[in-house]
There are 2 protein chains.
Amino acid sequence: MSEAEGKGAGKGRVAEELASSLRELIVEGEIGAGDALPSERELAAKFEVNRSSVREALHRLEAVGLIEMKHGGATRVRDVLVSAGLHLLPFLVARSGRLDPEWLRDLLEVRVMFLSWCGEQAARRASTDDVERLEAIAREVAQVHAGERRGGAKALMTLDWDFFAALVATTHNRVLALLTNVVREVHTRDPAKFKAVYEGDAFEPKHLLRAVEAVRKRDSAAAAAAMRAHGESALQAIFPTPTRGKR
Amino acid sequence: MSEAEGKGAGKGRVAEELASSLRELIVEGEIGAGDALPSERELAAKFEVNRSSVREALHRLEAVGLIEMKHGGATRVRDVLVSAGLHLLPFLVARSGRLDPEWLRDLLEVRVMFLSWCGEQAARRASTDDVERLEAIAREVAQVHAGERRGGAKALMTLDWDFFAALVATTHNRVLALLTNVVREVHTRDPAKFKAVYEGDAFEPKHLLRAVEAVRKRDSAAAAAAMRAHGESALQAIFPTPTRGKR
DNA sequence: GGCGCCAAACTGGTCCGACCAGTAGCAGGT
DNA sequence: ACCTGCTACTGGTCGGACCAGTTTGGCGCC
């Protein structure tokens with residue numbers, strides 16, 4: 001009866017939980033694009049919640065582009081790849097509780113692009129304050145990496161994110177800021193999943209230090225290259241094969 | 001394909017309209033980050049709609065990160081730049097009905113990054129079919145641009161988008177596909193706004209043709225350069241000053 | 001038999017009023 | 001002065017009624 005089985009989180013909110021369940025069904029492909037969902041009244045009965053709550057849950061999914069509600073007609077599942085926004089990236093990357101290698105790879109590839117471009121733009125726009133901020137973080141990373149400070153992989157992960165965030169801020173590009181918000185969702189939803197990137201010897205603070213120096217010198221090409229190397233190292237750590245190759 | 005119908009204003013949906021009104025108030029800065037919204041019951045009375053509809057509207061805004069609802073506490077406006085997703089890019093870029101130059105510039109800059117990177121990845125992953133598809137579109141663009149075919153700026157805009165979409169598809173990167181969905185929202189919400197990019201002599205099909213050739217030869221660097229040039233030309237057309245420069 | 005119209009039986013959308021469940025702030029006791 | 005606990009808020013859930021579109025199928029007409 002009571003599907004009181006607490007999912008990952010979010011008790012209290014009935015609607016949120018229902019949305020979570022439905023999202024999972026869709027993301028896992030158990031409902032397939034184009035299929036019609038049960039009617040709101042049916043869902044309400046099936047999940048033993050009020051129809052208002054069902055609607056609330058459905059609206060959440062609609063807002064993210066997962067489903068399409070049509071007055072008078074059925075509510076249908078949309079094709080994730082052509083209608084969904086980045087909001088459900090976290091759920092796609094970590095479907096079935098595990099990291100999906102395909103999605104993770106795509107994500108890390110895009111990350112390389114981001115890092116590289118942020119480096120390039122940051123080098124063009126950075127103020128001396130920006131440079132100092134970046135340098136402070138980079139140094140801290142180096143210290144933690146060298147074992148001079150406590151923290152380990154977890155601390156590295158946090159600092160790496162801080163560096164990225166600082167870099168984005170340095171570009172003064174607000175579109176990028178919005179993009180970063182979404183990336184942060186992925187990053188913070190389940191940090192443990194990405195720990196591997198920071199554990200081996202793949203993580204090299206020197207890239208960050210090089211990037212800082214390049215930004216200081218206003219050398220956008222070098223900054224881009226350094227950040228690209230930083231991103232590539234993570235990619236290589238998880239997918240040792242060269243960047244190319246068929247999928 | 002064509003699913004973006006004119007949505008200038010009044011919807012049949014009460015909740016949607018209310019959400020629109022509130023979103024505008026927030027995006028225009030009339031409610032300011034951190035401020036508390038009136039209670040749901042107050043809003044219901046003020047807008048003469050039911051509280052359920054108010055909640056529906058609020059949930060829509062919450063879903064995109066515009067506001068924060070706390071059980072027992074007040075519903076507050078969040079800082080757009082640190083919490084909002086890309087979903088409201090269209091509203092930020094076109095706030096007050098006009099294109100905001102600052103946002104547009106940021107957007108076009110990011111577009112340059114996208115195009116460039118897509119070119120690079122496409123060159124690595126393209127099948128012969130992909131190349132043919134890209135070439136077909138590029139040729140069409142060239143024909144329209146040369147006046148051999150009807151359409152003018154509007155047709156160019158559509159074709160340019162098709163090319164971009166095809167390029168993204170060629171990368172086989174699904175994260176990028178999601179990202180593209182969001183970009184499409186901006187692109188299709190009010191196409192007339194972006195007409196300027198395709199009207200002057202700024203738009204040069206040769207970049208696309210060069211990109212196709214580079215992709216065919218698996219020359220990722222050349223493809224990246226060509227697409228970057230393509231993006232830069234649009235940027236230059238609207239913001240004639242060199243890429244750098246303070247803001 | 002085949003065609004077309006119309007009405008019932010769906011669907012989602014809105015409304016109402018009540019109650020549950022947290023929060024914050026004020027009042028009173030210590 | 002501090003802490004406690006009540007109370008008057010806030011949002012969250014409920015269920016039941018009704019409105020408004022879509023879909024469907026049967027009935028009458030051709």
Side-chain angles (χ1 to χ4, degrees), chain A residues 1-4 6-7 9-23 25-26 31-78 83, chain B residues 3 5 7 9-23 25-26 31 33-78 83:
Chain A
M1 298 304 305
S2 61
E3 17 67 68
K7 284 296 170 186
K11 280 318 250 173
R13 263 85 142 180
V14 173
E16 178 62 31
E17 199 163 350
L18 174 54
S20 216
S21 300
L22 291 175
R23 179 172 44 223
L25 286 178
I26 296 172
I31 304 196
D35 292 355
L37 260 59
S39 76
E40 298 179 348
R41 292 168 176 86
E42 281 181 61
L43 284 174
K46 205 163 300 182
F47 285 84
E48 294 178 333
V49 297
N50 190 277
R51 190 177 152 219
S52 308
S53 303
V54 172
R55 285 180 61 70
E56 209 172 297
L58 292 178
H59 283 303
R60 286 174 130 83
L61 301 184
E62 190 196 25
V64 176
L66 255 189
I67 63 176
E68 180 177 20
M69 305 174 76
K70 191 174 61 171
H71 189 172
T75 296
R76 302 188 164 278
V77 175
R78 303 177 68 178
S83 64
Chain B
E3 52 110 317
E5 222 49 57
K7 50 196 55 185
K11 282 305 242 336
R13 272 78 142 174
V14 172
E16 177 61 31
E17 200 161 350
L18 174 54
S20 219
S21 299
L22 291 176
R23 178 173 44 223
L25 286 177
I26 296 172
I31 304 197
D35 292 355
L37 259 59
S39 77
E40 298 179 349
R41 294 167 176 87
E42 280 181 62
L43 285 174
K46 204 164 300 182
F47 285 84
E48 294 179 328
V49 296
N50 190 274
R51 190 179 152 217
S52 308
S53 303
V54 171
R55 284 181 60 74
E56 211 172 297
L58 291 179
H59 283 303
R60 287 174 128 82
L61 301 184
E62 190 196 25
V64 296
L66 255 188
I67 62 175
E68 181 177 19
M69 306 174 76
K70 191 173 61 172
H71 190 171
T75 296
R76 302 187 165 278
V77 175
R78 304 177 68 178
S83 64

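Chain identifiers are assigned alphabetically (A, B, ...) following the order of the sequence lines, protein sequences preceding nucleic acid strands; residue numbering begins at 1 within each chain.
Not a single donor-acceptor pair, N or O on each side, falls under 3.5 Å between the base of D/dG21 and the side chain of A/His71.
Heavy-atom distances to DNA chain C give each of B/Arg41 and B/Ser52 a nearest nucleotide, and the one nearer the 5′ end belongs to B/Ser52. Mapped onto DNA chain D by nearest heavy atom, A/Arg51 and B/Gly72 fall at different nucleotides, with B/Gly72 at the one closer to the 5' end. Comparing A/Thr75 and B/Lys70, the nucleotide of DNA chain C nearest to each residue sits closer to the 5' end for A/Thr75.
Rounded to an integer number of Å, the gap from B/Leu43 CG to D/dT10 P is 11 Å. Residue A/Phe47 contributes atom CZ, which lies 18 Å from atom C1' of D/dC14 at whole-angstrom precision. Atom-to-atom, CD of A/Glu42 to C1' of C/dT11 comes out at 11 Å; the value is rounded to the nearest Å. Atom pair A/Leu18:CG and D/dG12:P shows a separation of 16 Å (rounding to whole Å applied). Atom CG of B/Leu37 is separated from atom P of D/dG11 by 9 Å (rounded to the nearest Å). Whole-Å rounding puts the B/Glu40 CD to D/dC9 P distance at 16 Å. Atoms CZ (A/Arg76) and C1' (C/dT11) sit 11 Å apart, rounded to a whole Å. A straight line from CZ of B/Arg13 to C1' of D/dA20 spans 11 Å, rounded to a whole angstrom.
For C/dC16, the OP1/OP2 oxygens have a side-chain nitrogen or oxygen of B/Asn50 closer than 4.0 Å. The phosphate of D/dG11 has neither OP1 nor OP2 within less than 4.0 Å of any side-chain N or O from B/Arg55.
Listed candidates were D/dC14, C/dG13, D/dG12. Nearest to the side chain of B/Met69 is D/dG12. Minimum atom distance to the side chain of A/Ser53 is reached by D/dC14, of the listed C/dC16, C/dG13, D/dC14. Out of C/dG13, D/dC14, D/dG12, the shortest distance to the side chain of A/Val49 is found at D/dC14.
Contact record, A/Ala74 with A/Ala36: CB-CB, 3.9 Å, taken as the closest heavy-atom pair. Across all non-hydrogen atoms, the minimal contact from A/Gly32 to A/Val77 is O-CB, 3.6 Å.
In this structure the side chain of B/Met69 reaches within 4.5 angstrom of the side chain of B/Glu40, judged on heavy atoms. With a 4.5 Å cut-off on side-chain heavy atoms, A/Leu22 and A/Leu58 count as touching.
Here A/Glu68 lies out of heavy-atom contact (under 4.0 Å) with every strand.
Residues A/Arg60 and A/Glu56 are paired through a salt bridge, judged by an N-O separation under 4.0 Å between the basic side chain and the carboxylate.
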